[in-house]
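Just below is one structure, and these are the notes that go with it.
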Protein chains: 2
Amino acid sequence: MAKIASTVYEQIRTAILSGELSNSERLVEEDLAVSLGISRTPVREALRRLAAEGLVDVSPNRGARVAEWDADDLREIFDLRSILESHACELATPRASAAEIAFLENICDEMEALAKTELSSEQRLPALAAKNRILHSKIIEMSNSSRLGLLIETLIHVPIVMQTYKVYSPEALARSLRHHREIVTAMKAGDEVWAASVMRAHVLAAREEVLGQNEAE
Amino acid sequence: MAKIASTVYEQIRTAILSGELSNSERLVEEDLAVSLGISRTPVREALRRLAAEGLVDVSPNRGARVAEWDADDLREIFDLRSILESHACELATPRASAAEIAFLENICDEMEALAKTELSSEQRLPALAAKNRILHSKIIEMSNSSRLGLLIETLIHVPIVMQTYKVYSPEALARSLRHHREIVTAMKAGDEVWAASVMRAHVLAAREEVLGQNEAE
DNA sequence: TGGACCATCTTTGTATACAAATAGAGGAAT
DNA sequence: ATTCCTCTATTTGTATACAAAGATGGTCCA
């Protein structure tokens, strides 16, 4: 898109997803514009775009605020993710090439290796979360349905969802890795029903983990 | 949203969905603005919003065109609809009140009555299509998942999908009505698996009908 | 003290002006 | 005739200006 507008879009978006702008903070066009040294026009465009994605709420004549998510939102999001990512597995399995399966297996190997290292949680979890995202994205990409990918993207681009691994217990993490391995095994075997089922369970397990953690706060 | 911007958004949107703006027509901001007697600013905002919904494609510095959909897009759309609307049935069934079931049964009655009248296709089909949309929307609303509703909305707001009934053969129409009746019966019985299964079949049948018609052209 | 009303100040919505980028027409060279 | 180039005309992207709608704060009255 536009040069400046998409840059500021990315900036605000990253700030929201990383959590540094959360708390239904007000986003005043003029303030953002001067702090970025640009005019209101591209800021406005970026905000409207973020609103369309659901990352900010805008009310007429009252401006934009960072969107908020409660436990019910999270339930909904993980519920839909479980349906859609499971469907992605189903579509991807019969199309998977040997190279793609090898790629997925490699990520599983790396994640298992990472989990065993003596690094602190602060170092390990972001690395694991990154690989987790790559694995999920790859499967979605393999499903060859661009719309499916877009739908899932709009769902998972929510701060808490993006930081899922940060709230995982060691047991939950171990289980997550076993799910991954089993999903890839099922895909390699060409068993799409198996793969889809485990993916469903995998995402629903993540939901329980996140919701439990969230209520504890 | 804004007064003018949302009005023009609705106008362009309706024009696209009704098909009067199809054919990947170019949408020049200035032209739209003068023809509506307003400035480019709200037009621009409307176009970006339509782009976010997928109804128009915009390229940097090159403007907006009405989006196009091919057979593969339709396959994808109906595939995802079948998954999501089926899930809506599953969620809606255990929550359905007697009044809601009665409402759905009433729509089934009306559609069956309409199908039997001697009106010409030109009069009958739009009326049936309208009631069909109400029935599907009601079930989605009953699922009580706002995000699910939004996802489905972004999928079905595509010209050809909106005009599905217009390409139905009499047999396909009859089958569609029987599906509806069976879905409602299953929901009334509290059998969410039954309801979801028929809904899945219902949407996939629509896909075949639309794709068959589309290839024939 | 509490609440309603008014003035003002802030912030959004729209219009206009200007800069940057692209598309298209026309001409020159092969 | 075809291809490539340049120049111009359109069109988009951004900045600024102004109008309209909300928020804010203070005063007056009970």
Side-chain angles (χ1 to χ4, degrees), chain A residues 1-17 20-69 150 154 157, chain B residues 1-17 20-69 150 154 157:
Chain A
M1 289 234 166
K3 210 170 42 196
I4 301 184
S6 43
T7 305
V8 51
Y9 161 80
E10 293 288 352
Q11 289 177 329
I12 300 177
R13 172 173 215 227
T14 305
I16 294 176
L17 289 180
E20 66 182 278
L21 261 187
S22 123
N23 253 1
S24 79
E25 195 164 326
R26 232 184 124 189
L27 298 169
V28 178
E29 298 175 0
E30 179 80 26
D31 294 356
L32 291 169
V34 295
S35 84
L36 294 167
I38 59 177
S39 84
R40 270 177 58 211
T41 312
V43 173
R44 199 176 159 80
E45 181 169 330
L47 288 177
R48 301 328 255 247
R49 202 162 142 198
L50 291 163
E53 284 182 32
L55 281 176
V56 313
D57 291 335
V58 315
S59 344
N61 291 314
R62 302 190 50 193
R65 325 183 75 94
V66 177
E68 269 194 331
W69 297 270
L150 285 176
T154 68
H157 285 165
Chain B
M1 287 234 162
K3 213 171 36 198
I4 301 183
S6 21
T7 304
V8 51
Y9 161 80
E10 292 289 352
Q11 290 177 329
I12 301 176
R13 180 187 190 172
T14 305
I16 295 176
L17 289 181
E20 63 182 282
L21 260 185
S22 122
N23 253 2
S24 80
E25 193 164 330
R26 228 182 130 191
L27 298 170
V28 178
E29 298 175 2
E30 180 80 25
D31 294 354
L32 291 169
V34 296
S35 83
L36 294 167
I38 58 179
S39 84
R40 270 179 56 210
T41 313
V43 172
R44 201 177 157 79
E45 182 170 328
L47 287 177
R48 300 330 254 245
R49 205 163 141 197
L50 290 164
E53 284 181 31
L55 281 177
V56 314
D57 291 336
V58 315
S59 343
N61 291 314
R62 304 191 49 194
R65 324 184 75 95
V66 177
E68 269 194 331
W69 297 269
L150 285 175
T154 67
H157 285 167

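First the proteins, then the strands, lettered A, B, ... as listed; each starts at 1. Values below: every heavy atom of this structure, side chains too, minus hydrogens, waters and symmetry copies. Keep in mind that this is a model prediction, so the values were computed, not measured.
Within the 4.5 Å cutoff, no side-chain heavy atoms of B:T41 are placed close to those of B:I4. Looking only at side-chain heavy atoms (C-beta outward), A:L32 and A:V8 stay at 4.5 Å or farther from each other. Side-chain contact between B:T154 and A:T154: absent, with no pair of heavy atoms (C-beta onward) separated by less than 4.5 Å. At least one side-chain heavy atom of B:L17 sits under 4.5 Å from a side-chain heavy atom of B:L55. Side-chain contact check for A:R44 versus B:E45: some heavy-atom pair is nearer than 4.5 Å.
Rounded to an integer number of Å, the gap from CD of B:E45 to P of C:dA15 is 11 Å. Note: CZ (A:R49) to C1' (D:dG13) measures 14 Å, nearest angstrom. As a whole-Å value, the separation of A:Y9 OH from D:dG13 C1' is 18 Å. Rounding to whole angstrom units, CD of residue A:E29 and P of D:dG22 are separated by 15 Å. The CG-P distance, from A:D31 to D:dA23, rounds to 16 Å in whole Å. The CD1 atom of A:I38 sits 8 Å away from the P atom of D:dT14 (whole-angstrom rounding). For B:R65 and C:dT22, the CZ to C1' distance is 13 Å, given to the nearest whole Å. A straight line from CD of B:E30 to P of D:dG13 spans 14 Å, rounded to a whole angstrom.
Ranking D:dA23, D:dT14, C:dT22 by closeness to the A:R62 side chain, first place goes to D:dA23. In this structure, the nucleotide among D:dT14, C:dT14, C:dG13 sitting nearest to the side chain of B:S39 is C:dT14. Proximity note for B:R44 (side chain, C-beta onward) versus D:dG13, C:dT12, C:dT14: the nearest is D:dG13. For A:I4, taking side-chain heavy atoms from C-beta onward, the closest of the listed nucleotides D:dA15, D:dA23, C:dT14 is D:dA15. Ranking C:dT12, D:dT16, C:dT14 by closeness to the A:N61 side chain, first place goes to C:dT12. Nearest nucleotide to the B:K3 side chain, out of C:dA23, D:dT14, C:dT14: C:dT14. Here the nucleotide nearest the side chain of B:V28, chosen from D:dT11, C:dG13, D:dA15, is D:dT11. Closest contact between the side chain of A:R26 and the listed nucleotides D:dT11, C:dT12, D:dG13 involves C:dT12.
When heavy atoms are screened at a 4.0 angstrom cut-off, A:L27 is found touching the sugar-phosphate backbone but no base atom.
Residue-to-nucleotide contacts include a donor-acceptor pair under 3.5 Å from the side chain of B:R40 to the base of D:dG13.
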